[in-house]
Amino acid sequence: MKFRGKIIDVACLNHFTRVVTTISKLTKICVLRLTPDNLFFVLSGKVANGGVSMWCELSQANFFDEYQMEGVSSEDNEICLEVTPENLSRALKTVQNAKAVKLKLTKKHCPCLTIAAELPTLSSISRVVTHDVPVDVIPRRLWHEFKEPSMPDFDVSIYLPPLKTMKNVVDRMKNLSNFLVMEANLNGEMNLKIETDLVSVTTHFKDLGNPPWGDDASQDGGPSQSRDPEDMAQARVDIRKLQQFLMGQQVNPSKAMCNIVHERVVHLILLHEDVSLQYFIPAVA
């Protein structure tokens, strides 16, 4: 197995760092899956058992000036590594002004992602800073756990309001309850609700719009096809998991969407021209 990549463009380095930092806010440990064309950050929590799951896809050509990898074999040309994204984020943040940054899979005291950055200097002597981020190599027999999740058979799909606005609302609601009800319909309406024995608070969002796959043109035979546009689909979720998602997003998405499977799961999607991030939060009773 071999992997090496090089980033020269500062904007690409900053963007890659923002993506990794976002991932670090969502999970302490995840799997970095490397293929010839893409990088994937994967968290395969069992949603049915109350765990969150995540799938983030990056096209390597949009970030790396040089990119070479050899997988475990010609048939299985992939590498799967368990990483701590916070360690990777810290290393990248220290080299933001570098003239070039190289990432390489190395074997030192343990397998590592080695980040070597050539820093600017006033003299003719080059200055290189190196970070070794420990990783664990995932054996081939476990790869099936880190495949792309399928789109849930949702009841309602809706565009999210501005994420900063939504974060401010959720931050305030967290002081009142540990759980929040998200509900939406096919009329572009979304409500965030807190209901306890002492207080009931609801924030309404209107005219958000519904993605094309949420109408009759998609999900043939799915619940949304015959659904009354006024009917709300809802899911009660752990407010901290939603807050984590809103706190972490630094990818400046061009679109942010939410799919709700009634009383089962909230599926959040952030889309950028070169990044796709999916996050699944299970409903709680």
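Here the structure is a predicted model, which is why all the values come from computation and not from measurement.
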Exercise. Mark yes when over 12 heavy atoms from residues, nucleotides or ligands other than Arg236 sit less than 6.0 Å from its CZ; otherwise mark no.
Key: yes
Practice problem: Report the C-alpha distance between His15 and Asn62 in whole Å, list the side-chain angles of each, state the deciding distance to 0.1 Å, and finish with yes or no for side chain to side chain donor-acceptor pair (under 3.5 Å). | Solution: CA-CA 10 Å; His15 190 24; Asn62 290 326; over 6 Å; no
Practice problem: Please work out whether the ring planes of Phe280 and His267 are parallel, tilted or perpendicular, with thresholds of 30° and 60°. | Solution: parallel
Quiz item: Should the heavy atoms of other residues, nucleotides or ligands under 6.0 Å from NZ of Lys255 be counted, would the total exceed 12?
Solution: no
Quiz item: Just wondering, more than 12 heavy atoms not from Arg172 lying within 6.0 Å of its CZ?
Solution: no
Quiz item: Quick check: are there more than 12 heavy atoms from other residues, nucleotides or ligands sitting under 6.0 Å from CG of Asn97?
Solution: no
Quiz item: In terms of ring plane angle, is the pair Tyr279 and Phe245 parallel, tilted or perpendicular, where the classes change at 30° and 60°?
Solution: parallel
Quiz item: In Å and rounded to the nearest 0.5 Å, what is the CD to NZ distance from Glu70 to Lys2?
Solution: 5.0 Å
Quiz item: Is the number of heavy atoms from other residues, nucleotides or ligands under 6.0 Å of Lys104 NZ greater than 12?
Solution: no
Quiz item: What orientation do Trp55 and Phe40 show, parallel under 30°, tilted 30 to 60°, or perpendicular over 60°?
Solution: tilted
Practice problem: Please answer: with hydrophobic residues joined when any side-chain heavy atoms are less than 4.5 Å apart, are Ile115 and Leu39 in the same cluster? | Solution: yes
Practice problem: Measure the spacing between CG of Leu180 and CG of Leu192 and express it to the nearest 0.5 Å. | Solution: 5.5 Å
Quiz item: Under 3.5 Å, side chain of Thr106 to main-chain N/O of Lys108, donor-acceptor pair present?
Solution: no
Quiz prompt | Point-to-point distance, once rounded to the nearest 0.5 Å, from NZ of Lys167 to CE of Met247 | solution = 7.0 Å
Quiz prompt | Same apolar cluster (I L V M F W Y, side chains within < 4.5 Å links), Val42/Met54 | solution = yes
Quiz item: Backbone N or O of Ala233 within a donor-acceptor pair of the Asp155 side chain at under 3.5 Å?
Solution: no
Quiz item: Are Ile8 and Leu119 connected in a single hydrophobic cluster, I mean Ile/Leu/Val/Met/Phe/Trp/Tyr linked by side-chain heavy atoms less than 4.5 Å apart?
Solution: no
Quiz item: Quick check: does any side chain N or O of Arg127 sit under 3.5 Å from a backbone N or O of Ala117, one acting as donor and the other as acceptor?
Solution: no
Quiz item: If we only count heavy atoms from C-beta on, is the Glu230 to Glu189 side-chain gap below 4.5 Å?
Solution: yes
Self-check item: CG on Asn191 to NZ on Lys206, rounded to 0.5 Å
Solution: 9.0 Å
Quiz item: Hey, is the main chain of Gly71 close enough, under 3.5 Å, to the side chain of Asn77 for a donor-acceptor pair?
Solution: yes
Quiz item: Would you say Ser89's side chain and Pro85's backbone share a donor-acceptor pair under 3.5 angstrom?
Solution: no
Self-check item: ILVMFWY network linking Leu43 to Leu142, side-chain heavy atoms under 4.5 angstrom
Solution: yes
Exercise. Could you tell me whether a side-chain N or O of Thr35 sits under 3.5 Å from a main-chain N or O of Glu78, the two making a donor and an acceptor?
Key: no
Quiz item: How many angstroms lie between CD1 in Ile7 and CD in Gln60, if you round to the nearest 0.5 Å?
Solution: 10.5 Å
Quiz item: Can Ser157 and Asn210 be counted as having a side-chain donor-acceptor contact under 3.5 angstrom?
Solution: no
Exercise. Would you check if Leu163 and Pro253 make a side-chain contact, meaning some heavy-atom pair closer than 4.5 Å?
Key: yes
Quiz prompt | Cluster check Phe41, Val31: I/L/V/M/F/W/Y, side chain < 4.5 angstrom | solution = yes
Practice problem: Without swapping roles, check the side chain of His262 against the backbone of Gln234 for a donor-acceptor pair under 3.5 Å. | Solution: yes
